[in-house]
Amino acid sequence: MATGKIYRDLCDLKKQDKSGFAVLADPDKISPADMQHLARLCNNAAVDYLLIGGSLLMVNQLEACIQRFKAESEIPVVLFPGSPSQFTPYADALLYLSLVSGRNPDLLIGQHVISAPQIKASGIEVISTAYMLIDGGVQTTVSYMSNSTPIPADKPDIAVCTAWAAELQGKHIIYMDAGSGAKNPVSEEMIHKVSAHTDIPLFVGGGIHSPEKVYANCKAGANIVVVGNAIEQDPLLIKDLAQASKAAGINKTL
Ligand code: 1GP
């Protein structure tokens, strides 16, 4: 059971029907030196979380990136790892991902067994995450690397049943991801159905480029919207994206 501050804050967002915003940094695409600038932009925009990780890391600079960010910012840093090798105790929390949309036992339990001793010893806040890949119209790195089939984008009922199963298993949050660089982000219809039928916080990401889309996702029920690619292309977008997530929480109705 996660009892850390980050998870408690996420549960408060869900209870209060509010939303927040997370920036995703891929340590393969950003240098430790650039993390300083990113941290300042995140501070100015009151970003809620920095997620860090990638499906495949070619360069080993994860810890250096986290340290540079933390030197400039108090925003919590949350690991979003593509594999157990991306674990580091330098972060504030870990999304302990189970790929519940797939049927690859290695990503449901195998890699967790491998990483468990290190994670237990670290004392890091662990957020057990039901990770659901949703078809985003292109094969993304994560769907290729995980050797798993995403949930069809037009089958919200499958998404709801998958989320229910994860909730019944005691997962702490749901993360619906169309995959980095997705052509089609997760639909508001699917977000709304999953959010309305579950009681745990909901993250949504993949292929989101505009404040309007962040706003629509939050109105539909996302508690945290995650953006990576669009910010890599234009870091100045951060402020408008973060503001859109907050604005959606006011008088939220669908
Ligand atoms: C991917 O949800 C994240 O895992 C973010 O996707 O890079 O397309 O914003 P983008």
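Hydrogens, waters and symmetry mates play no part in the numbers below; they use all other heavy atoms, side chains included. The first residue in the sequence is number 1, and the count goes up from there. Indexing begins at 1, ligand by ligand and atom by atom, following the structure's order.
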**Report entry** Listed once per pair and sorted, the side-chain hydrogen bond (donor to acceptor under 3.5 Å, both in side chains) pairs that draw on residues 36-47, sequence neighbours left out
**Finding:** Q36-E72, R40-E72, N43-S73

Report task. Find the distance between CG (L38) and CD (E232) and round it off to the nearest 0.5 Å. Result ->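 The CG atom of L38 sits 10.0 Å away from the CD atom of E232.
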
Query raised in the report: Is D12 salt-bridged to R8, going by a charged N under 4.0 Å from an acidic O?
Result: no

Side-chain donor-acceptor pairs under 3.5 Å in residues 204-214, sequence neighbours left out?
unit_1 : atom_1 : unit_2 : atom_2 : d
S210   : OG     : K213   : N      : 3.1
K213   : NZ     : E188   : OE1    : 3.2
K213   : NZ     : E188   : OE2    : 2.9

Query raised in the report: Are there more than 12 heavy atoms of other residues, nucleotides or ligands under 6.0 Å from atom NZ of K70?
Result: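 Yes.
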
Query - Inter- and intrachain pairs under ring-ring contact (aromatic ring centres under 6.0 Å, His included), touching residues 93-131, at least two apart - result: F80-Y131, Y96-H112, Y131-Y175

Query raised in the report: Name the residues with a heavy atom less than 4.0 Å from ligand 1?
Result: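 Contacts of ligand 1 under 4.0 Å: L24, F80, Y175, D177, G179, S180, G181, G205, G206, G207, V227, G228, N229.
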
